[in-house]
Participant: 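This is the structure I want to talk about, given as structure tokens.
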Amino acid sequence: MSQPVDVEPVLDAAAEIVVDDGFESANLRRIAARAGITEEQLLELFHSPGQLFVSLLNREYSGIFRMIVDHMDRDPLGGRLSHIYRHTLGAVHERPLARALYLTDPIALNTIMREAYGFEYMPRLGVRSEFIDMMKEAGMVRRDIDSASLSALITAVAAGAALTAPHEELDQLIDGLAIVLERSADTDAVDTSPGKEAFVNYAAGLAGPGRDD
């Protein structure tokens, strides 16, 4: 009787191939070889390539979320919109797989999301207007700001940053975008814990691919 296969090394192997050689190169044969298992064992874990990549993306989303929350918790002003955006964009750029999917090959991310949801998905690095409304209620964003307009602006700037990636001066870019938000949208709240709570609640309400929230 064959030994059970650990899922994590298989997902690690798939992530390495996507990062090193691109999504199109990450077929079952290459993933199985990189993980040191047979294709038959791989298909026992994941019944289709789509299921494998949905699992990989779910794991990546969880990792991004943990990184953002960790940075926010250690940041006294982490609940302000400008700081949340700094930590979010920083997390995507810091993680090789997230960077590959969001910045290098968004078509691959679209393909994975279609597998999960069955419809076209457009990767976004912006902030949705619903979240900005929540931040207003938390006292983190000025109430005279139009949420839809601010959301559109953030999304456009983030898309531009993605299209021109990679950046040699990434820290300066992220700081510059955060400063724009700080000066245009942030309140002067000192206790930013309500903003941190709003982010956690909002992120928890976003159904990741293949989840049954």
Side-chain angles (χ1 to χ4, degrees), residues 1-72 87-126 128 155 158-159 161-168 170 174 199-200 202-213:
M1 185 174 179
S2 61
Q3 293 291 324
V5 177
D6 187 358
V7 171
E8 291 303 313
V10 175
L11 295 180
D12 290 341
E16 290 169 4
I17 294 172
V18 171
V19 171
D20 294 342
D21 303 316
F23 177 73
E24 293 298 326
S25 300
N27 55 53
L28 292 181
R29 178 183 59 79
R30 290 198 63 189
I31 294 171
R34 178 71 69 94
I37 61 175
T38 66
E39 288 186 51
E40 290 73 18
Q41 289 175 305
L42 182 57
L43 287 172
E44 288 179 3
L45 287 175
F46 306 100
H47 300 304
S48 70
Q51 187 183 76
L52 186 157
F53 287 112
V54 168
S55 296
L56 178 63
L57 190 58
N58 275 334
R59 187 181 75 164
E60 189 65 13
Y61 279 153
S62 296
I64 291 171
F65 178 73
R66 288 194 300 271
M67 180 177 286
I68 295 169
V69 171
D70 179 62
H71 288 331
M72 282 198 316
H87 298 317
T88 300
L89 194 59
V92 171
H93 279 267
E94 287 175 31
R95 297 180 65 88
L97 180 60
R99 187 169 63 246
L101 291 175
Y102 272 97
L103 307 179
T104 306
D105 193 2
I107 295 176
L109 182 56
N110 191 335
T111 301
I112 298 171
M113 297 300 289
R114 283 205 310 270
E115 177 71 26
Y117 287 124
F119 57 79
E120 187 170 358
Y121 170 83
M122 180 57 67
R124 293 184 55 170
L125 286 176
R128 296 179 182 176
T155 300
L163 288 172
T164 56
H167 303 278
E168 293 183 0
L170 178 60
I174 294 175
F199 172 78
V200 171
Y202 175 74
L206 293 177
R211 293 175 183 160
D212 299 320
D213 293 353

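Bear in mind the structure is a predicted one, so any value in this text is a computation, not a measurement.
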Participant: Checking side-chain contact (heavy atoms from CB on, under 4.5 Å) against F53, which of L11, N58, I31 comes through?
Facilitator: I31
Participant: When rounded to the nearest 0.5 angstrom, what distance separates CG in L42 from CZ in R29?
Facilitator: 12.5 Å
Participant: How close do L56 and A14 get, heavy atom to heavy atom, and via which atoms?
Facilitator: CD2-CB, 4.1 Å
Participant: Grab the two heavy atoms, one from A91 and one from I64, that are nearest each other, plus how far apart they are.
Facilitator: CB-CG2, 4.2 Å
Participant: Could you state the interatomic distance from CG (L89) to CD1 (I68), rounded to the nearest 0.5 Å?
Facilitator: 9.5 Å
Participant: So, taking the atom named CG in L45 and the one named CG in L52, what distance separates them when rounded to the nearest 0.5 Å?
Facilitator: 8.5 Å
Participant: Rounded to the nearest 0.5 Å, what separation is found between the CD atom of E94 and the CZ atom of R99?
Facilitator: 9.5 Å
Participant: Considering non-hydrogen atoms only, spot the tightest contact between P9 and A35 and give its length.
Facilitator: O-CB, 4.3 Å
Participant: Are any side-chain N or O atoms of Q41 and backbone N or O atoms of T38, one a donor and one an acceptor, separated by less than 3.5 Å?
Facilitator: yes
Participant: Students often mix this up, so state it plainly: with edges at 30° and 60°, are the rings of F199 and F65 parallel, tilted or perpendicular?
Facilitator: parallel
Participant: Which residues satisfy the side chain to side chain donor-acceptor pair (under 3.5 Å) test with N27, sequence neighbours excluded?
Facilitator: none
Participant: Kindly state each residue pair satisfying side chain to side chain donor-acceptor pair (under 3.5 Å) with at least one member in residues 4-16, sequence neighbours excluded.
Facilitator: E8-R59, D12-R59, E16-R34
Participant: Indicate the atoms forming the closest heavy-atom contact of R128 with Y202, along with that distance.
Facilitator: CD-OH, 3.0 Å
Participant: Once you round to the nearest 0.5 Å, how far does CD of E60 lie from CZ of R95?
Facilitator: 4.0 Å
Participant: Are D21 and R30 close enough that some pair of their side-chain heavy atoms sits under 4.5 Å apart?
Facilitator: yes
